[in-house]
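Labels below follow one simple rule: chain letters A, B, ... track the order of the sequence lines, proteins then strands, and each chain is numbered from 1.
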Number of protein chains: 2
Amino acid sequence: MTLTADQKRRRAQQDYNGGLGLCPARQLLETISSKWVTLVMLALSDGSLRHSELRRQVAGASQKMLTSTLRSLERDGLVSRTVTSSVPVRTDYQLTPVGHSLLDVVYRLKGWAEDNMDDVAHARMAYDRGRLTRVE
Amino acid sequence: MTLTADQKRRRAQQDYNGGLGLCPARQLLETISSKWVTLVMLALSDGSLRHSELRRQVAGASQKMLTSTLRSLERDGLVSRTVTSSVPVRTDYQLTPVGHSLLDVVYRLKGWAEDNMDDVAHARMAYDRGRLTRVE
DNA sequence: CTGTATCCTCTAAGATACTG
DNA sequence: CAGTATCTTAGAGGATACAG
């Protein structure tokens, strides 16, 4: 059986989605690139916080996003959640050891970014300038 | 002037989008979490490749995505593009030094993922199991 | 206080077809 | 060979209202 290049590509696409898509590194990228994940983890870096405290500290996140971010972090075992059934309810969140180790990795990312994003920004400007002069 | 909590949150949202949204680390995350960026960079890690070679090596990427990924990498100065105006045209791509240094960071990410994503996967299963028994 | 549930919007990614 | 142009779609993120 002979496959066209296009068919091969589509099959590869399947492979990607079912195989590489499950690759650990890919999953990690998807986790930490979620909009609020790093900010929440950062907020929790020096201790546990209540939901309302997080809300204040990670200002800008809607309640829905804060909750869903926390849920996914909890699900991944990066954050632990402690509910105190008083009235009113009290909920505390804190990084697990795994969560802390991930935060270390995030700091490395941050380090590279701070060291190099200036260059990147300049490259972008140069590139865009080139495009403009060619277009106008 | 007094702001409601909601007004404060919305202002914070603005601040985020106009301020933190421009934070280097955030930009970096957005770059490398784009679906094909890491795969393309990986493919280019041991030398330059032509467009068609990349197409074969990064199987699964549509032509559009491959091109647009390459464009954004070029714009950021992570990849350089060399066009040879023969017939037919020949285009070669290779990582710049900055691109290589970013690849190093990506390898760190990959390392953490390989070391910890097992734990994460187990945490997920445990979490989901809990949810299920509660729901059923 | 801590959350769900609903609806809406916007954009990354993909399918497809065409050009120098 | 290398690339652009257009259309479509799935899902992340956000606004709002309600509930234990």
Side-chain angles (χ1 to χ4, degrees), chain A residues 4-7 9-14 16-17 20-21 26 29-40 48-56 58-74 79 81-93 131 134-135, chain B residues 4-14 16-17 20-21 26 29-40 48-56 58-72 74 79 81-93 131 134-135:
Chain A
T4 66
D6 230 49
Q7 285 174 320
R9 191 173 57 68
R10 274 179 225 169
R11 174 156 311 182
Q13 177 84 50
Q14 297 308 317
Y16 178 83
N17 289 328
L20 284 184
R26 185 92 250 140
L29 270 176
E30 265 154 34
T31 299
I32 65 176
S33 65
S34 163
K35 193 165 179 181
W36 302 102
V37 164
T38 51
L39 290 177
V40 167
S48 82
L49 287 177
R50 302 184 54 174
H51 181 101
S52 48
E53 292 168 328
L54 268 173
R55 190 96 198 277
R56 240 166 291 129
V58 187
S62 69
Q63 182 153 44
K64 175 193 164 184
M65 286 319 294
L66 182 56
T67 300
S68 93
T69 299
L70 287 166
R71 282 292 168 286
S72 86
L73 288 174
E74 189 196 356
V79 156
R81 176 162 164 267
T82 316
V83 182
T84 310
S85 299
S86 49
V87 179
V89 185
R90 174 195 177 105
T91 315
D92 291 86
Y93 293 92
R131 292 248 119 183
R134 214 172 301 151
V135 170
Chain B
T4 66
D6 230 51
Q7 284 174 320
K8 279 187 197 160
R9 191 174 58 67
R10 272 180 227 170
R11 174 158 308 181
Q13 177 83 50
Q14 297 307 316
Y16 178 84
N17 289 329
L20 284 184
R26 184 92 248 142
L29 271 176
E30 265 154 34
T31 299
I32 65 177
S33 66
S34 164
K35 193 166 181 182
W36 303 102
V37 164
T38 51
L39 290 176
V40 167
S48 81
L49 288 176
R50 302 183 54 174
H51 182 101
S52 48
E53 293 169 327
L54 268 173
R55 188 94 198 279
R56 240 166 291 130
V58 187
S62 69
Q63 182 153 41
K64 177 194 162 183
M65 285 320 293
L66 182 56
T67 301
S68 93
T69 301
L70 287 166
R71 283 291 168 286
S72 86
E74 190 196 356
V79 156
R81 178 163 164 266
T82 317
V83 182
T84 310
S85 298
S86 50
V87 179
V89 185
R90 174 195 179 103
T91 316
D92 291 88
Y93 293 93
R131 293 245 119 185
R134 214 171 301 150
V135 170

A.B. asks: Of B:R56 and B:K64, whose nearest nucleotide on DNA chain D comes first from the 5' end?
C.D. replies: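 That would be B:R56.
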
A.B. asks: Do the side-chain N or O atoms of A:Y93 get closer than 4.0 angstrom to the phosphate oxygens (OP1, OP2) of C:dG3?
C.D. replies: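 True: A:Y93 side-chain N/O within range (under 4.0 Å) of C:dG3 OP1/OP2.
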
A.B. asks: Could you tell me the separation between the CD atom of A:Q63 and the C1' atom of D:dT16, rounded to a whole number of Å?
C.D. replies: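 Distance check: A:Q63 CD to D:dT16 C1' gives 11 Å.
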
A.B. asks: Under 4.0 Å between a side-chain N or O of B:S52 and OP1 or OP2 of D:dA2?
C.D. replies: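 It does, given that an N or O in the side chain of B:S52 lies less than 4.0 Å from OP1 or OP2 of D:dA2.
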
A.B. asks: Check this one for me: any side-chain N or O of A:R71 less than 4.0 Å away from OP1 or OP2 of C:dG3?
C.D. replies: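 It does, given that an N or O in the side chain of A:R71 lies less than 4.0 Å from OP1 or OP2 of C:dG3.
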
A.B. asks: So B:S68, base contact, sugar-phosphate only, or nothing? Heavy-atom distance under 4.0 Å.
C.D. replies: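 It contacts nothing in the nucleic acid.
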
A.B. asks: Could you state the CG-C1' distance from B:L54 to D:dC1, rounded to the nearest angstrom?
C.D. replies: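 Result: 13 Å.
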
A.B. asks: Considering only D:dA2, D:dG13, C:dG3, which nucleotide approaches the side chain of B:R50 most closely?
C.D. replies: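 Shortest atom-to-atom distance from the side chain points to D:dA2.
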
A.B. asks: Which nucleotide in the list C:dG3, D:dG14, C:dT2 gets nearest to the side chain of A:V89?
C.D. replies: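 Closest nucleotide to the A:V89 side chain: C:dT2.
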
A.B. asks: Counting side-chain heavy atoms from CB outward, which of D:dA2, C:dT2, D:dG13 is closest to A:T91?
C.D. replies: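 The listed nucleotide nearest to A:T91's side chain is C:dT2.
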
A.B. asks: Has A:R81 got a side-chain N or O lying under 4.0 Å from the OP1 or OP2 atom of C:dG3?
C.D. replies: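 The answer is yes; a side-chain N or O of A:R81 sits under 4.0 Å from OP1 or OP2.
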
A.B. asks: Rounded to whole angstroms, how far apart are NZ on A:K35 and P on C:dC10?
C.D. replies: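 About 13 Å, once rounded to whole Å.
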
A.B. asks: In whole Å, I'd like the distance from the CH2 atom of B:W36 to the C1' atom of C:dA12.
C.D. replies: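 Rounded to the whole Å, the gap is 13 Å.
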
A.B. asks: Please tell me if A:S34 has a side-chain N or O lying less than 4.0 Å from either OP1 or OP2 of D:dA12.
C.D. replies: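 Indeed not, no polar side-chain atom of A:S34 lies that close.
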
